[in-house]
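Report on the structure given below.
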Amino acid sequence: MRTLALMDPRTAWAPFEPSEKYPWDRRAAAHLYRRAGFGANQQQLDAAVSSQPQAVVDELLEQARINRDAEQFDALALSVSAGDHARQLAAAWLYRMQFSPAQLLEKMTLFWHGHFATSCDKVQSAHLMWRQNDWLRSHALGEFRKMVQGIAQDPAMLLYLDSATNRKSHPNENFARELMELFCMGEGQYTEENIRELARCFTGWEVKREKFRLNARQHDQGLKAFFGREGSFSGEAGVDIVLDQPAVPQFLARKLYDWFVADEPAPTEELLAPLVRTLRDSELQIAPVVRQILTSNWFYSSNAIGQKVRSPIELALGLLLTLEGTTDSFALSQRLDQLGHSVFYPPNVKGWDGGRTWINSATLLARANLVRHLLTDENSRFGGGSLSELVERHGCKSPETLVHWASDTLCAIPPDAVAINRLESLAKQFSGDRQRQAIEVIHALSTLPEFQLA
Amino acid sequence: MKRRPVSAVLSVFLLFVLSGERGRAAEKSPAELLPATTALYVEIAHPDQLLDTVLQHPLRPKLEQTAVYRFATTSAKYRQFTAVRQIVETQLDATWQDAFKSLSHAGIVVGGDPATEGIAVFARTRDSARRHTILDKFVELVRLDAAAKKHEDPIEEHDYRGIPVRRIGDAIFAEFGEYLLITNKKDLGRQIADQYLDGSDSHLANQPSFQKAVAQRAQTSSAGWAYVDVAALRAAGVAKDLFRAESPDVAAELILGGIFAHLIKTDLATATLQIRDTDVELELATPHAADWVPATREFYWGPNNQGQAPAPITGLPNQLAGIGTYRNLSQLWVGVSDLFPTNQQVIDKLAEADSGLSNLFGGRDFGDEILGAIQPGIQFVATESEIPSGQPVPTVRLPAFALIFELKDAATMRPELRRTFQSLIGFFNIVGSTQGQPQLDMKTYDEPHWTLVTSRYLPPVDRAKDDPVAIHYNFTPSAAFIENRFILSSSEPLARQLLQIAPPGTPTRQTSPNTWGHVDAHVGREILQANRSALITQNQLKKGHTPEEARGEVDALLELLRLLSGADLTLGISDGTMALKLNIAVAN
């Protein structure tokens with residue numbers, strides 16, 4: 001099992017200082033774009049390298065704040081949700097992930113979608129799913145408290161966790177449990193009594209005509225006692241009490257670490273302490289801690305680079321963005337569904353497990369098939385034209401230059417010499433057909449373990 | 001794969017080479033040269049005239065004014081193409097049109113032979129010396145192009161019994177007499193050459209079915225004519241799905257059952273293409289014999305194959321489409337086990353549906369009593385939708401549509417159908433309420449001469465300004481009755497419009513075909529225009545286009561539709577022929 005390289009927590013989260021061992025180059029910039037977004041083409045990488053890492057992260061945060069073209073993407077989602085087809089809505093979001101200049105915002109929205117997992121399978125309304133998605137996006141880098149208060153009253157979430165039928169005679173404990181376990185604090189940080197008392201706060205919360213409503217007659221007005229507080233708490237007050245618990249910043253810091261830094265090994269409490277402090281000092285603001293992570297020494301070290309397994313969405317969009325590709329979002333959505341990564345349809349209330357669970361013998365083959373599909377789909381274009389035109393533009397004139405360029409741009413960690421030789425032999429077999437050659441090389445590359453890592 | 005511009009132009013040039021005109025009497029015709037096993041024969045008798053018709057068509061200047069044309073002709077690829085074309089024209093010392101005409105004035109024929117799996121293209125000319133010169137220059141160009149790319153000589157040359165033969169890739173070129181022959185199979189090329197040199201009685205022109213097709217060929221000139229040896233295709237096992245006695249499902253049987261009945265019996269089929277300034281017309285035909293249609297398929301063609309579609313309803317504002325067809329639904333329903341003898345799944349589903357529908361209609365037998373109460377013949381109309389006042393306007397606008405039936409005994413059936421319609425709306429409301437769907441509010445209007453039952457979705461309460469209006473607000477399901485007519489409409493305004501058009505009484509049965517259809521391109525364009533933003537959205541998501549690219553493509557489609565007036569289709573049997581005719585008219 002891999003162990004964390006030695007670095008004291010203060011140095012670890014201090015601003016990244018490029019060194020000979022960890023230079024600020026295309027590979028480091030590609031790492032940033034893969035984690036803070038879904039990928040970048042060569043031109044974006046060159047522009048990033050000519051700047052400073054902190055400045056690039058600040059620009060990503062600024063793009064998230066401006067959220068340019070948001071109206072256009074919102075209109076796209078609203079238009080497809082009129083037909084009430086969540087699958088079409090998924091295609092609209094994938095399109096947005098790919099085309100939005102606010103890459104970090106979309107990446108964070110995807111993070112919160114997995115965090116506050118809600119499935120259209122149960123909600124049965126594309127429109128409600130879209131409204132939730134819009135809420136997550138609006139607060140993705142803002143105040144966690146505000147986001148949780150909104151999610152607690154979000155009709156899609158209430159329907160998903162059966163909270164819409166929460167009556168004072170029979171408080172439904174689902175939402176109270178998940179609020180503490182999955183959304184704010186993690187396992188072992190609360191008691192069954194806490195759940196029962198908190199659930200009473202949410203009694204009377206309903207969904208009427210697709211909107212949240214407090215049914216005062218069904219709300220338990222009695223005294224509730226939990227986490228050392230006592231009072232006739234409302235649902236909003238209950239959420240606030242949970243968010244006041246010290247376990248919350250610890251829980252959030254760990255989840256953000258998992259999302260941005262590495263799947264494993266688990267970070268120590270000492271390592272996370274500076275991130276927890278940032279969250280606590282900023283009253284659970286998300287942007288400052290995300291900035292701290294993305295600009296840190298730790299983020300650009302071997303503890304982070306190549307230490308995450310690409311999710312199917314990251315795999316597909318990473319390929320497209322790196323190769324300046326565009327494709328059929330409906331078909332892409334279907335393919336991702338087959339790989340278990342269908343947005344608006346998370347597998348359960350815990351969201352996607354991620355990490356190594358993305359990889360097994362069946363999904364490895366399916367991931368390579370997804371890559372081939374993206375390369376060969378009749379609606380796929382690369383740099384506005386064919387793949388062979390793109391590789392030619394990037395100076396890939398021989399099998400060797402093609403393999404070098406492909407592995408360099410598409411892999412976080414370079415494949416070993418044996419794999420490179422195999423790819424070059426393969427490329428030589430298709431020397432007479434540049435298009436086929438590029439497809440076969442990238443497809444073969446996609447079967448390598450290195451390709452699966454981000 | 002990127003295609004080299006030079007190669008692209010040379011490929012186009014190949015097409016120019018495939019041309020000819022009716023030859024001199026001494027020369028054997030392509031039908032006399034093609035083997036007897038030929039199953040496909042396509043003839044363009046006057047390619048030069050066809051080229052003139054296309055290039056001088058009144059539509060051309062309109063097309064050239066469209067943004068899509070201007071965009072296409074200013075693209076870098078088109079400029080490259082033009083540059084290479086000019087090189088070729090300089091080399092040939094003729095414009096491509098002139099080269100095409102000089103090579104093709106005597107006609108083009110394409111033959112398909114299942115025995116050799118070969119395709120043969122004959123280009124016929126009276127000026128074989130000119131053809132030879134052009135081909136030589138063409139070969140020279142191909143070689144120059146290959147040399148420039150440092151490729152090997154792509155042309156193999158040899159001789160077959162004194163006929164010079166060239167091979168470029170998979171294509172074999174041979175020149176003899178008035179012909180340039182291009183084929184993809186050596187065996188087929190040899191057979192044709194042997195037939196040209198030796199002659200025998202075994203050739204396509206001697207085949208009885210080909211002779212029958214030629215005899216029935218209309219005397220008026222056409223842009224193109226094709227013959228298919230259907231019996232040979234059946235025997236060869238090609239396109240098996242077309243030659244099955246049993247349709248795959250009820251919908252296919254309803255639409256195509258009568259055509260299938262002919263395809264399993266006929267020995268041949270023909271196609272005739274007409275291109276005029278005002279329209280393009282394609283007619284597909286097979287011979288017809290009365291005993292080819294089994295009793296089970298009488299529902300399709302009617303007694304003695306004389307069933308005729310209802311006369312078209314005219315006068316509907318903004319009508320997008322209309323379809324009228326003779327179909328005896330009762331006969332189809334009760335005869336389903338004979339129509340699908342081997343498809344137990346279809347029989348079971350229909351039996352299940354029959355039971356449910358009979359219950360819905362108060363225990364009356366659905367096939368005999370309900371469908372049996374309807375005159376054979378259905379009419380379908382679609383119009384641009386009109387949203388009733390007070391109803392929200394849906395984000396995606398769908399056309400309104402209606403089915404029109406004539407009842408045999410209106411007095412008996414009216415209350416039955418009205419009550420069933422009301423039950424159905426109630427059923428939708430109950431099911432919808434369990435899924436949180438909006439409810440339909442029903443109203444009945446009883447007038448001395450007509451009855452209208454309408455339903456509307458209740459408008460959403462507290463709808464936010466930016467919320468999309470769901471697609472189901474396109475629908476205000478309605479049922480209407482006037483005289484013998486029963487109208488089932490997706491929209492209340494359309495039902496009211498249909499009530500205002502007096503029933504024509506007994507349809508004119510003398511001239512109506514079995515099936516007719518019409519689409520109005522102008523109204524289609526208006527509907528697409530109303531949904532432009534939804535189309536752009538779909539285009540973005542489907543093709544990965546940017547909004548600008550998507551807008552460009554959708555607007556190009558709308559512009560192209562502006563050039564068309566509409567399309568008409570008829571299917572019928574007359575004078576021993578079953579014919580399917582499609583006519584596409586251009587806008588004035």
Side-chain angles (χ1 to χ4, degrees), chain A residues 69 71-85 88-92 94-96 98-99 124-128 130-131 134 159 207-211 320 325-333 374 377-381 384-389 392 432-438, chain B residues 1-4 75-77 149-152 154 169 392-398 432-439 458-475 531-554:
Chain A
D69 300 334
E71 276 183 17
Q72 172 205 313
F73 293 119
D74 289 348
L76 195 72
L78 280 168
S79 172
V80 297
S81 70
D84 209 21
H85 299 304
Q88 291 214 346
L89 193 61
L94 289 170
Y95 181 90
R96 185 177 197 153
Q98 197 190 343
F99 284 89
Q124 293 286 312
S125 165
H127 183 52
L128 289 185
W130 157 243
R131 273 179 16 200
D134 191 42
L159 291 169
V207 176
K208 277 281 178 285
R209 289 196 290 266
E210 297 200 331
K211 289 185 175 57
L320 290 171
T326 54
T327 193
D328 175 351
S329 299
F330 295 120
L332 174 58
S333 173
L374 289 171
D377 187 282
E378 59 176 356
N379 288 309
S380 289
R381 291 178 303 161
S386 68
L387 188 60
S388 60
E389 286 169 332
E392 204 164 311
D433 185 343
R434 305 298 292 273
Q435 176 77 4
R436 180 88 193 275
Q437 185 185 49
Chain B
M1 184 176 65
K2 185 181 173 186
R3 170 169 274 191
R4 296 274 176 202
S75 68
K77 280 188 178 172
K149 293 174 191 164
K150 296 183 179 168
H151 290 172
E152 287 178 7
V393 178
T395 306
V396 177
R397 297 284 298 275
L398 300 177
S433 67
T434 63
Q435 297 170 349
Q437 298 294 322
Q439 298 288 286
L458 295 171
V461 182
D462 302 334
R463 191 178 73 84
K465 192 181 154 211
D466 294 334
D467 281 357
V469 176
I471 206 161
H472 54 247
Y473 283 100
N474 280 289
F475 303 108
N531 288 298
R532 182 173 169 272
S533 64
L535 289 172
I536 290 169
T537 299
Q538 290 295 313
N539 185 288
Q540 282 179 259
L541 297 179
K542 181 71 192 165
K543 299 196 170 176
H545 281 164
T546 62
E548 294 71 31
E549 289 171 323
R551 270 194 290 274
E553 205 164 284
V554 169

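Reckoned from all heavy atoms, side chains included, excluding hydrogens, waters and symmetry mates. Since the structure is predicted, the reported quantities are computational estimates derived from the model, not experimental observations. Proteins come first, then strands; the chains are lettered A, B, ... in the order of their sequence lines, and each starts at number 1.
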Heavy-atom donor-acceptor pair, Tyr95(A) side chain to His545(B) backbone, under 3.5 Å | yes
Pair Arg381(A) + Glu549(B): basic N to acidic O under 4.0 Å = yes
Phe99(A) portion near chain B, given a 4.5 angstrom heavy-atom threshold | side chain
Side chain to side chain contact (heavy atoms under 4.5 Å, CB included) between Thr546(B) and Thr326(A), intermediate numbers included | CA-CA 9 Å; Thr546(B) 62; Thr326(A) 54; over 6 Å; no
Does Lys542(B) reach the side chain of Asn379(A), with side-chain heavy atoms less than 4.5 Å apart?
-> yes
Scored by heavy-atom pairs under 4.5 Å with chain B, the best of Ala92(A), Ser333(A), Ala75(A), Gly325(A) is Ala92(A)
Glu71(A) CD: over 12 foreign heavy atoms closer than 6.0 Å = no
Atom OG of Ser79(A) and atom CD of Gln540(B): how far apart are they, to the nearest 0.5 Å?
-> 9.0 Å
Looking at side-chain heavy atoms only, is the closest gap between Leu541(B) and Leu76(A) below 4.5 Å?
-> yes
Given side chains that start at C-beta, do those of Gln538(B) and Val80(A) come closer than 4.5 Å, heavy atoms only?
-> yes
Going by heavy atoms in the side chains, are Gln72(A) and Pro547(B) under 4.5 Å from each other?
-> yes
